[in-house]
Amino acid sequence: MSYTREMGFAIQQASKAHGVENRLSETLAITSQEVQKLFKGRLFLTGSDLEKVSALCGVSAESLVNPDLIDYDAQVVHCM
């Protein structure tokens, strides 16, 4: 489960950095609530959806799947 949270955090950071956070729901055809679930690692993406997100954010899919965890560890509070 932490893997999906890490990827969700990477997607959130990349979408914010490139100013496309508000376009994720349109790109993935999901609601804004589902986008929030994605950021928290509670919504899974297909491979094609991951490619769409990486193209939208201007980053590689690999950087979303295997993110640098320094920012994640500094900002995310683990509840378990």
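What you see is a predicted model; the values in this text were computed from it and never measured. The analysis underlying the following values was restricted to heavy atoms, covering all of them including side chains, and did not include hydrogens, waters or symmetry mates.
Among residues two or more places apart in sequence or in another chain, the side-chain contact (heavy atoms from CB on, under 4.5 Å) test is passed with E34 by I30, T31, L43. Applying the side-chain contact (heavy atoms from CB on, under 4.5 Å) rule to S60 yields the partners E62, S63; only residues at least two apart in sequence or on another chain are considered.
A pairwise comparison of heavy atoms in H18 and A14 identifies ND1-O, 2.9 Å as the closest pair.
For the atom pair CD of E6 and OG1 of T4, the computed distance is 8.5 Å after rounding to the nearest 0.5 Å. Taking CD of Q36 as the start and CD of Q33 as the end, the distance is 8.5 Å to the nearest 0.5 Å. Taking CZ of F44 as the reference point, atom NZ of K37 lies at 11.5 Å (rounded to 0.5 Å). The CG atom of L56 lies 12.0 Å from the CG atom of D49; values are rounded to the nearest 0.5 Å.
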(message) Let's go through L28 and V35 carefully: what are the C-alpha distance in whole Å and the side-chain angles of both, what is the deciding distance for side chain to side chain contact (heavy atoms under 4.5 Å, CB included) to 0.1 Å, and is it a yes or a no?
(response) CA-CA 9 Å; L28 297 173; V35 170; 5.7 Å; no
With a 3.5 Å cut-off and sequence neighbours excluded, list the donor-acceptor pairs that the side chains of residues 19-26 form with protein atoms.
none

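Results of the side chain to side chain contact (heavy atoms under 4.5 Å, CB included) test with M7 over V65, V53, L38 single out V65 as the only residue that passes.
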